[in-house]
Each structure stands twice: as C-alpha cells, then as structure tokens.
Amino acid sequence: MPELAEVEFFRKRWSAGHGAKVLAVRLHEGKKVFRDCDTGELRRRLAGAKLLGSASAAKQMLFRFSGENWLGIHLGMSGETRVEPPDYVATKHDHFILVQKERQLVFNDPRMFGGVRFHHGKAAPAWWTKIAPAILSPAFTMEAVADFLRRRARAPIKAVLLMQERFPGIGNWMADEILWRAALHPKRLAGSLTTAEVRTLHRECRFVCRGALKYNAGVGGPLPARLNELMPASWLFNHRWEDGGRCPRTNQLLVREEVGGRTTCWSPARQRLR
DNA sequence: CCAATTGTTATTTA
DNA sequence: ATAAATAACAATTG
C-alpha cells in the first residue's frame, strides 16, 4: 500500500507512543521482515527504552529511542502500523509489537515485503541518512531531474519515476498521478522529453507530493481517520482502479496496462505517445 | 486454478 | 561494462 504520504500517516499513528517507555518487545522470530535485523540486540536494547520521537522520509520510517537506539520500519507492499489497547492479543501477521503501559504499537505485514531494522549508535544509521533528498526539498531541482532523465534515456518515463534514488517516496499510483497531470504518456522514453516537458514533470512531482501529504498525512490540516478518505475526486487516484473509470479532466475512458513492469493507468485522451 | 496487489532486489538479457 | 527487462519474494482475495 504505502507510498510517501501513507508512510507518514502510519508514522503518525505510532506518535501516540512518544515519551513512553517500552515494557516489552514481541516479535515473530525468523520471519522475513527481520532479514536485515539482529532481533536479539533489538529485544535487548529496546526493552526499557523510551520512544523519544520519529520521522519519515521516502518510504522509510525512523523511530528514535533513549540509549542511542534507532528503529527503522519499511512497510513494503502490505505493511501497516496500528495502535492497540494494552490487552490486545497479536494476530497472525502482527510480526512486531512494542508494548507500552497504555498501548501496544503494532507492525503488521501479511506479504512481508516490508522490514524492520535496528541500529545502536550516537548518530542515525546510513540506511536513513543515505535516502535521496526529498522531492519537496530545495535539492530536488529541475536540472537534477533533467540530468537523471538523460542517464535513463532508454527507459519509459513511468519506470524512471519509480526509481527511489531520484524520486524518493514515489510509488505506482503517485507516478501515474504525476504523468496524468503532466499530460505525459507513461511509455514515453525518458530521453525524449522536451525541456518544457521536464519542467512540467518537475512541477507536478512537487504538486502530487504536497497534495498527497496534505490529504493523506494531514500536513497543514486534519489527519484523516482512514487512509485516502480525503483524496479529492479531481485526482486520478479515485478513478484509476475502477473498471470503466473515466478521466476526471476529459471524461474519457481510462486505460490500464503494464508499463515498466507495473500496472499503469492513464488517460489516452490526455496523454499521447506522439 | 488463474490473475491481481500503492515494493524492492537479484538475475538475466540486450 | 552499463542499463533495461524480468523473475522472485509471500499472502491473500476475487
């Protein structure tokens, strides 16, 4: 499920536990979500530690604990975080739980493409600090985008937008939303875009990130009770999965087809191949 | 049984 | 050697 703003939504859920101590750590030993994690050390160091704060970047969440302890969670395809009452009993896919006095912080992931990481040290770990500069940061310039597209010239633009080293946090639906707004056909080769098209693409990347964070992560507004409930009907998002769905701008039928290995939705009336 | 799924990475191909 | 395409991962749902 989760891309940029959904990850931020799920991070905020756990902020209910900020300032509280971890009384116990419960985890499903040996599950794939712990493939990059020393679960023994994680148990030992997080039990008794206090959750001090958290942040999200791209599709990664970082939780900071007392004693120079850091926890990373990636939600993969099907992961989510929840807050449950103290007497909650874990279910099958609740692979990782931090038990606090007033609540349990639960990480659930049926498909287990997500992961849990742990780091002990003064500074935040490399897997956090090496995340590419955010699309809404000053470092995400039109020149940086143009340069990246030049080096991926033979790949379809849809596939390029999914590359985290330049478009951190962009996932399948955000990529389609950006291309739809920029009126670019997803099969266009990255190297074929004109300067004007790159400028538009750059602008729409920022627009979609800002909007997604506003509607799905409550930035500058209310945090939605449920994911996606505030997403406007004017966005492609609310039409892309429905069979017979129509483009909000042209009212023409949308198309769904695999591009760059992912199911891609676009409006043929608006996004032409040239 | 078949196909689908908002992600990432290892392997294969060009 | 580099970049692009493909397979694989795992579980569930329609």
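Per chain, numbering begins at 1; letters A, B, ... match sequence-line order.
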message = Among C:dA5, B:dT8, C:dA10, which nucleotide has an atom closest to any side-chain atom of A:P156?
response = C:dA5
Selected nucleotide, minimal atom distance to A:T263 side chain, candidates B:dG7, C:dA4, B:dT5 = B:dT5
ask   = Within this structure, what is the CZ-to-P distance between A:R152 and C:dA4, rounded to whole angstrom?
value = 6 Å
ask   = For atom P, what is the distance between C:dA10 and B:dT11, given to the nearest Å?
value = 15 Å
query = Would A:N69 and A:H120 count as having a side-chain donor-acceptor pair, cut-off 3.5 Å?
reply = yes
inquiry  = Would you say A:K32 places a side-chain N or O within less than 4.0 Å of OP1 or OP2 belonging to C:dA10?
reply    = yes
ask   = Quick one: are the ring centres of A:W70 and A:F63 less than 6.0 Å apart?
value = no
inquiry  = At 4.0 Å (heavy atoms only), tell me whether A:A190 reaches a base, stays on the sugar-phosphate, or touches nothing.
reply    = nothing
query = Contact class for A:G171 (heavy atom, under 4.0 Å): base, sugar-phosphate, or nothing?
reply = sugar-phosphate
request  = Using the P atom on both, measure C:dA7 against B:dA3 and round to a whole Å.
outcome  = 13 Å
request  = Both distances under 3.5 Å, Watson-Crick or G-U wobble: report the partner of B:dT13, or none.
outcome  = C:dA3
key: Ring-face cation contact, A:W235 with A:R181, 6.0 Å cut, 45° max   = yes
message = From CG of A:L189 over to C1' of C:dA5, roughly how many Å is that when rounded to an integer?
response = 14 Å
ask   = Less than 5.5 Å between centroids and less than 30° between ring planes, does A:F113 satisfy that with C:dC9?
value = yes
query = According to a strict under-4.0 Å criterion, is A:Q164 in side-chain N/O contact with OP1 or OP2 of B:dT8?
reply = yes
request  = Anything under 30° is parallel, anything over 60° is perpendicular, the rest tilted; go ahead and classify A:F34 against A:F96.
outcome  = perpendicular
message = Hydrogens and angles aside, do A:R11 and A:S54 bring a side-chain donor and acceptor to less than 3.5 Å of each other?
response = yes
note = Rounded to whole Å, CG of A:L149 lies from C1' of C:dA4 at a distance of 15 Å
request  = Considering only atom P, compute the distance from C:dT6 to B:dA4 and round it to an integer number of Å.
outcome  = 15 Å
ask   = Rounded to the Å, how far apart are A:I131 CD1 and B:dT8 C1'?
value = 14 Å
query = Side-chain N or O of A:H74 less than 4.0 angstrom from OP1 or OP2 on B:dT8?
reply = yes
inquiry  = B:dT5, OP1 or OP2 - any side-chain N/O from A:S78 closer than 4.0 Å?
reply    = no
message = So, OP1 or OP2 of B:dG7: does either fall under 4.0 Å of a side-chain N or O from A:R111?
response = no
message = At less than 4.0 Å, is any side-chain N or O atom of A:H93 found next to OP1 or OP2 of C:dA10? Yes or no.
response = no
request  = Would you indicate what A:P110 reaches in the nucleic acid, counting non-hydrogen atoms under 4.0 angstrom: base, sugar-phosphate, or nothing?
outcome  = sugar-phosphate
query = Atom CE of A:M163 to atom P of B:dG7: distance rounded to whole Å?
reply = 14 Å
Between C1' of B:dG7 and CD of A:E258, the distance in whole Å = 14 Å
inquiry  = It should be established whether A:K92 places a side-chain nitrogen or oxygen under 4.0 Å from OP1 or OP2 of nucleotide C:dA11.
reply    = no
query = Is the cationic atom of A:R249 (NZ for Lys, CZ for Arg) positioned less than 6.0 Å from the six-membered ring centroid of A:W180 and within 45 degrees of its normal?
reply = yes
key: Whole angstrom value for the distance that separates P of B:dT5 from CD of A:E242   = 16 Å
